[in-house]
Each structure stands twice: as C-alpha cells, then as structure tokens.
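As structure tokens, the structure follows; a few thoughts come after it.
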Amino acid sequence: MAARTGLVVAGAGARGAYEAGALTELLPRMARRWSAPSVLVGTSAGALNVAALAGLSDVAPDAAAAELVARWSSVRTEEVVALPSSAVEATAAYLGDLAGVPSWLRRLLLVPDRVTRLLDADRLRPVVDRVVDWDRLHDAVARGRVDAVGVACTAAGTGGTTVFVERGPDVALPPYDPGRDIRYVDARLGPDHLLASAAVPVLFAPRRIEGEAAGWYLDGGVRLNTPLKPALRLGADRVGVVATTPDVPFGESAAALSPADRVPDVYAVAALALRIVLGAGVTEDLRTLRAVNALVDRGEDRRHRRIATWFAGPPA
C-alpha cells in the first residue's frame, strides 16, 4: 500500500483564516516532498478547513489553498455574529432565570426559556455551505482521491471525543481508544458536524447530530484541539500539522509577556485559559511524537514506526 499523507488542522476559532494562509505554504511543500494529503482531520475552524480542502482535492494543492483563502476572504463579520440581538436574547433568558419566570410564560412572551448560548450559531450555516463544497467532498471520498475526512467533536453526554469520519473502502474505522477516550463514528459529513465541532462552550449552544451516535456535541477543542492521533489511526504515515499556537513551550520568553507589577485582569486570564486549552495539546502531542521518532531512529523502539511531521504555525 502506498504511503498516506495526513493533514491535521487544529481548532483556531476566528483564526481559521490564519490557518488557510499557512496552508498556502504548507500544502505545496507537502505535495512536492511527499504527496497531496489524503487523510484530513480537523477540529472547529480546522475542521472547516479540512472539509473545504477535501472538496478541492481535484485541483493542484497550491490552487486549492489559494481558493480556500479566497473563500475565507469572502466572509464578513456580520454574517457570523449578530452581537446585539444575541446579547438581548441571552440577557432576557438570564433575567428570566433570576426572576423565576416559568418556562411556559417565557415561551409565550417569545423569550428563551433557558440560557443555552451567547451567540447564534445558525448564522454560520450559510457561511459553512459557502466555504465547503459538500458534493465535491463526497465525490472525492467515493472516487478515492481522499481516503478519509475526520471531524473532532466533544460529546456533551460523556465529555469524550467523537471523531465523525467519512472514509473510503480502503480505510478501516479505528476502534474505541480508551487511553484518550476517542470514539470513531462513520458519517456522511455535513454542516451540523462542523457547527458542532466549532460550538465553543458558553458562546454557542451544543449542536444535535442525528444518525449513529446521535446526541448533543460541542467544540472538539475542549478535549482534542489538535487531532493528531486520529490522523495516524486512520492510516497517515506522515503528517503536516497547522495550528495557531507554537509547537514548543514559551519557556523563559513568557516572562516578558506578563509584567510582574501588573495584576492580570479577567480578560487576560480568560485569554490565558483559552490559550492553554488550545495550545497544550499541540505542544505535548508533537513533543511525544518527535521523542518516539528519535527512539525509532536510534533503534531503541521497535513497536512504533517513524512518522515524519511538518509543522506550520507561529514561533514561541
């Protein structure tokens, strides 16, 4: 069997367009050195990027990446976030909770009966459908141009990771991974999978996905922001990784980022927590993979195979 090239694109929130820009450099290099990626796995905005690229697998990698950037460039803020109306709805629901207004009365007054979100994710559906050509994605998998596309979500019921996979006949569905609590589920991917993978807790409501493993799902970055292991389990022999956080710790340079004489405010602390959630997995997984590669190269590990990696992201 020919070696498979994998592409892993991490969750990035509003920085999904940054990832698209990074891919204009990474994809052509991967294609020249290895081959165009045929196993594509992503989380949140990264899932949107890999789904779009799967639908562009019938064109050259540099043209595909350029088209992805063009699609991101067409997105406007007002298409994604309706802040005034969303804030009014969330505030009304919250005040109803504080005042003890019965749910039936709130529904009668056309007020949300529970606080489930701060922003309306339904506005994102037309954007998702514009960025991703679903018919071309399904055709690419059916014709074998793409071996597998995976979208990582977090199951609201269990807290574990579910990777929804659209795959060709030559790719085996991985079994449940108890070590990382990852479940793999066959799916014909669609907008709801991407919206669930990008449903940032508190900001967006969990998303209902029907079919096998039906249930409520939210942002895959809660547990698995950089789905490196799923790409390997789906058969990738070498991987390109795109993220918006560095692949190494900040180290001593972090001292300059936080002056000792200023107490971090709530925004700084929230940003730090988000950076840890989004970035720690990139650093730890790549560090582990590179350590295993070093052992394999020295002949000290015969259980694993060497997995070449190529990282695209910001420096520490």
Open item on the list: Looking at Lys229 and Asp177, is any side-chain nitrogen of the basic one under 4.0 Å from a carboxylate oxygen of the acidic one?
Closed with: yes
- [ ] Give a yes or no answer on whether the side chain of Glu166 reaches the backbone of Leu189 with a donor-acceptor pair at less than 3.5 Å.
- [x] yes
Open item on the list: Rounded to the nearest 0.5 Å, what separates atom CZ in Arg188 from atom CG in Leu137?
Closed with: 9.0 Å
Open item on the list: Connecting only ILVMFWY residues whose side-chain heavy atoms lie within less than 4.5 Å of each other, what is the rest of Val296's hydrophobic cluster?
Closed with: Val292
Open item on the list: Show the nearest heavy-atom pair for residues Thr309 and Trp34, with the distance to one decimal.
Closed with: C-CH2, 4.1 Å
Task: Asp247 vs Arg290 side-chain heavy atoms within contact, under 4.5 Å - done: yes
TODO: Show your reasoning for whether side chain to side chain donor-acceptor pair (under 3.5 Å) applies to Asn49 and Trp72.
DONE: CA-CA 9 Å; Asn49 280 321; Trp72 270 104; 2.7 Å; yes
Open item on the list: What's the separation between atom CG in Asp237 and atom CZ in Arg306, rounded to the nearest 0.5 Å?
Closed with: 12.5 Å
Open item on the list: Can you confirm whether Pro315 sits close enough to Pro246 that some side-chain heavy atom of one is under 4.5 Å from a side-chain heavy atom of the other?
Closed with: no
Open item on the list: Regarding Asp170 and Arg4, does a basic nitrogen lie under 4.0 Å from an acidic carboxylate oxygen?
Closed with: no
- [ ] Might you confirm whether atom CZ of Arg145 has over 12 heavy atoms from other residues, nucleotides or ligands at distances under 6.0 Å?
- [x] yes
Task: Geometric cation-pi criterion Arg33 and Trp310, 6.0 Å radius, 45° cone - done: yes
- [ ] Check step by step if side chain to side chain contact (heavy atoms under 4.5 Å, CB included) holds for Leu53 and Leu27.
- [x] CA-CA 10 Å; Leu53 286 175; Leu27 271 185; 3.8 Å; yes
- [ ] Answer yes or no: is there a donor N or O on one side and an acceptor on the other, between the side chain of Asp219 and the main chain of Pro201, under 3.5 Å?
- [x] no
Task: Heavy-atom side-chain contact between Val242 and Leu26 under 4.5 Å - done: yes
Task: Closest non-hydrogen atom pair between Ala213 and Val185, with its separation - done: CB-CG2, 3.8 Å
- [ ] For Thr158 and Gly160, indicate whether the former's side chain and the latter's backbone hold a donor-acceptor pair under 3.5 Å.
- [x] yes
Open item on the list: I'd like to know whether Asp285 forms a salt bridge (charged side-chain N to carboxylate O under 4.0 Å, His left out) with Arg180, so could you lay out the CA-CA distance, the side-chain angles of the two residues, the decisive distance to 0.1 Å, and finally the verdict.
Closed with: CA-CA 12 Å; Asp285 285 351; Arg180 296 292 294 271; 3.6 Å; yes
Open item on the list: Quick one: does any side-chain atom of His138 pair with a main-chain N or O of Asp135 as donor and acceptor, under 3.5 Å?
Closed with: no
Task: Shortest non-hydrogen separation from Ala54 to Val149 and the atoms involved - done: CB-CG2, 3.7 Å
Open item on the list: Are the side chains of Pro230 and Leu228 in contact, using a 4.5 Å heavy-atom criterion?
Closed with: no
Open item on the list: Any non-hydrogen side-chain atom of Asp139 less than 4.5 Å from a side-chain atom of Asp58?
Closed with: no
Open item on the list: Do Pro61 and Met30 make a side-chain contact, defined as non-hydrogen atoms from C-beta onward lying under 4.5 Å apart?
Closed with: no
- [ ] Give me the one residue out of Leu286, Val241, Thr43, Thr245 that meets side chain to side chain contact (heavy atoms under 4.5 Å, CB included) with Thr226.
- [x] Val241
Task: Verdict with supporting geometry, Val239 and Leu232, side chain to side chain contact (heavy atoms under 4.5 Å, CB included) - done: CA-CA 8 Å; Val239 291; Leu232 301 181; 4.0 Å; yes
Task: Nearest non-hydrogen partners of Thr161 and Ala152, listed with the distance - done: CG2-CB, 4.4 Å
TODO: Using atom types as modelled and distance alone, determine if a side-chain donor or acceptor of Arg71 lies under 3.5 Å from a backbone N or O of Val131.
DONE: yes
Task: Trp134 versus Pro191, closest heavy-atom pair with distance - done: CZ2-N, 3.5 Å
Task: Asp181/Arg223 ion pair, N-O < 4.0 Å - done: yes
Task: Closest non-hydrogen atom pair between Val151 and Ser197, with its separation - done: CG1-CB, 3.6 Å
Open item on the list: Counting only heavy atoms not in Arg305 (residues, nucleotides, ligands), do more than 12 fall under 6.0 Å from its CZ?
Closed with: yes
- [ ] Mind running side chain to side chain contact (heavy atoms under 4.5 Å, CB included) on Val59 and Arg136 for me, showing each step along the way?
- [x] CA-CA 11 Å; Val59 300; Arg136 288 173 71 182; 4.2 Å; yes
Open item on the list: I'd like to know if the side chain of Ser38 and the backbone of Asp147 have a donor-acceptor N/O pair within less than 3.5 Å.
Closed with: no
Task: Arg207 and Asp192 ion-paired at < 4.0 Å - done: yes
Task: Val165: hydrophobic cluster co-members (side-chain, 4.5 Å) - done: Val39, Val41, Val163, Val171, Leu173, Ile182, Tyr184, Leu224, Leu234
- [ ] State the CD-CG distance between Glu19 and Leu68, to the nearest 0.5 angstrom.
- [x] 9.5 Å
TODO: Test Arg238 against Ser35 for side chain to side chain contact (heavy atoms under 4.5 Å, CB included), laying out the working first.
DONE: CA-CA 10 Å; Arg238 56 232 178 164; Ser35 63; 3.3 Å; yes
TODO: State whether the number of non-hydrogen atoms from other residues, nucleotides or ligands found under 6.0 Å of Arg303 atom CZ is greater than 12.
DONE: no
TODO: Step through the shown structure and confirm whether more than 12 heavy atoms of other residues, nucleotides or ligands are within 6.0 Å of CZ on Arg208.
DONE: yes
- [ ] Taking atom CZ of Arg15 as the centre, report whether more than 12 heavy atoms of other residues, nucleotides or ligands fall under 6.0 Å from it.
- [x] no
Task: Side-chain heavy atoms of Leu218 within contact of Cys153, under 4.5 Å - done: no
Open item on the list: With heavy-atom distances below 4.5 Å as the criterion, would you say the side chains of Tyr217 and Thr162 are in contact?
Closed with: yes
